[in-house]
Amino acid sequence: MKKIIGLLFLLGTISFGKSGYEGYWMMPKGKFIIKIDKKASEEYVGHVVWLKDFVYPKGDKMEGIEQYDRNNPNKELRVKSRKVMGLKIVGELYEKNGKLKGGWVYDSWHGKLYHGSAKLVDNDTLKLRGSIDKMGIIGVSQRAKRVENLEKYNLK
């Protein structure tokens with residue numbers, strides 16, 4: 001009986017522990033946090049849920065204004081109502097062979113859309129890659145860290 005209870009406890013810990021791509025991820029230099037969710041369609045998407053600088057910082061030409069997608073190449077999307085907070089910056093990623101592939105990553109600070117991919121380095125480190133070529137050869141990777149203390153950032 002003790003073995004069965006121990007096994008159930010272990011399975012519960014594995015099933016409900018923090019793992020996989022879903023969750024909150026702090027991007028390098030602590031500038032922002034994205035939340036990655038898996039949709040019913042099996043697509044992984046990511047939205048900005050926290051910004052270190054919610055408004056443009058001192059010295060910026062738009063100092064004090066809430067950050068928005070001001071560098072979007074589509075002028076119609078370059079409006080103050082399209083805020084960076086809540087902006088979808090990762091989409092159309094699907095899991096294949098333990099990696100996320102086939103999607104896109106959007107860099108709102110530069111208004112650039114890249115071919116996207118991601119993989120878990122370990123349970124708490126996500127390597128997110130944006131490439132100018134579909135094969136992912138020419139691009140930049142960033143390592144995001146899983147956010148453990150959600151209350152610190154008023155998340156959840």
Side-chain angles (χ1 to χ4, degrees), residues 17-156:
K18 294 178 182 175
S19 64
Y21 292 100
E22 291 183 285
Y24 296 87
W25 299 94
M26 174 72 75
M27 298 308 290
K29 299 180 185 175
K31 290 174 80 175
F32 63 102
I33 295 173
I34 63 172
K35 182 179 184 212
I36 296 180
D37 292 304
K38 185 177 181 181
K39 301 295 181 188
S41 65
E42 302 294 314
E43 174 192 9
Y44 285 87
V45 298
H47 293 85
V48 176
V49 295
W50 180 86
L51 290 166
K52 181 178 180 181
D53 296 316
F54 184 71
V55 297
Y56 288 108
K58 188 174 183 175
D60 190 281
K61 65 183 178 184
M62 303 186 93
E63 178 181 327
I65 296 173
E66 184 178 347
Q67 290 197 36
Y68 67 97
D69 194 13
R70 68 180 177 183
N71 295 314
N72 195 304
N74 181 341
K75 289 182 183 181
E76 293 177 12
L77 297 177
R78 213 181 294 163
V79 292
K80 290 183 181 177
S81 62
R82 187 174 157 92
K83 307 292 186 192
V84 171
M85 181 65 80
L87 188 64
K88 185 176 178 181
I89 61 167
V90 175
E92 298 177 13
L93 289 173
Y94 293 90
E95 193 166 359
K96 295 178 187 172
N97 302 320
K99 297 178 183 178
L100 299 183
K101 298 179 181 181
W104 52 266
V105 176
Y106 178 62
D107 174 1
S108 65
W109 280 272
H110 299 99
K112 303 283 185 184
L113 186 66
Y114 299 98
H115 296 280
S117 63
K119 73 176 187 174
L120 288 171
V121 175
D122 57 47
N123 194 43
D124 294 320
T125 308
L126 175 72
K127 183 178 174 184
L128 187 61
R129 184 163 178 81
S131 306
I132 59 173
D133 64 305
K134 209 171 192 178
M135 297 295 292
I137 297 169
I138 303 169
V140 174
S141 294
Q142 294 186 340
R143 287 180 182 237
K145 293 305 248 178
R146 188 180 297 277
V147 177
E148 296 292 335
N149 185 357
L150 299 178
E151 292 79 25
K152 178 179 178 181
Y153 302 99
N154 293 321
L155 301 170
K156 202 167 185 179

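The shown structure was predicted, so the numbers you read here are calculated from the model rather than taken from an experiment.
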Requested in this report: Please report the C-alpha distance between Asp124 and Glu148 in whole Å, then the side-chain angles of each, then the deciding distance to 0.1 Å, and finally whether the side chain to side chain contact (heavy atoms under 4.5 Å, CB included) criterion is met.
Outcome: CA-CA 9 Å; Asp124 294 320; Glu148 296 292 335; 3.3 Å; yes

Query raised in the report: Which atom pair, heavy atoms only, marks the closest approach of Gly20 to Asn123?
Result: N-OD1, 3.9 Å

Query - Closest contact, heavy atoms only, Gly102 versus Leu93 - result: N-CD2, 4.4 Å

**Report entry** Distance, nearest 0.5 Å, that separates OH of Tyr21 from CG of Asp37
**Finding:**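 One finds 15.5 Å between OH of Tyr21 and CG of Asp37.
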
Query raised in the report: If you round to the nearest 0.5 Å, how far is CZ of Arg82 from OG of Ser108?
Result: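 It comes to 9.0 Å.
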
Requested in this report: Please indicate whether Lys119 has more than 12 foreign heavy atoms, meaning atoms of other residues, nucleotides or ligands, lying under 6.0 Å from its NZ.
Outcome: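 For Lys119, atom NZ is not crowded (no more than 12 foreign heavy atoms under 6.0 Å).
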
Query raised in the report: Are there more than 12 heavy atoms of other residues, nucleotides or ligands under 6.0 Å from atom NZ of Lys88?
Result: yes

Query raised in the report: Is there a side chain to side chain contact (heavy atoms under 4.5 Å, CB included) between Trp25 and Arg146 once you walk through the steps?
Result: CA-CA 5 Å; Trp25 299 94; Arg146 188 180 297 277; 3.4 Å; yes

Query raised in the report: Among all residues two or more places apart in sequence or in another chain, which pass the side chain to side chain contact (heavy atoms under 4.5 Å, CB included) test with Ile89?
Result: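 Scan of Ile89 (side chain to side chain contact (heavy atoms under 4.5 Å, CB included), adjacent residues dropped) gives Phe32, Ile34, Val48, Leu87, Tyr106.
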
**Report entry** Step-by-step side chain to side chain contact (heavy atoms under 4.5 Å, CB included) determination, His110 to Asn71
**Finding:** CA-CA 6 Å; His110 299 99; Asn71 295 314; 5.9 Å; no

Query raised in the report: If only atom types and distance count, is the side chain of Asp133 paired as donor or acceptor with the main-chain N or O of Ile138 below 3.5 Å?
Result: yes

Report task. May I ask you to decide if Ile137's main-chain N or O and Arg129's side chain share a donor-acceptor pair within less than 3.5 Å? Result ->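 A pair under 3.5 Å: yes.
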
Residues 49-56, side-chain donor-acceptor partners within the protein, below 3.5 Å, at least two apart:
from, atom 1, to, atom 2, distance (Å)
Tyr56, OH, Tyr68, N, 3.1
Tyr56, OH, Tyr68, O, 2.9

Query - Stepwise side chain to side chain contact (heavy atoms under 4.5 Å, CB included) check, Trp104 with Val90 - result: CA-CA 6 Å; Trp104 52 266; Val90 175; 5.7 Å; no

Query raised in the report: By side chain to side chain donor-acceptor pair (under 3.5 Å), which residues pair with Glu42, not counting sequence neighbours?
Result: Lys38

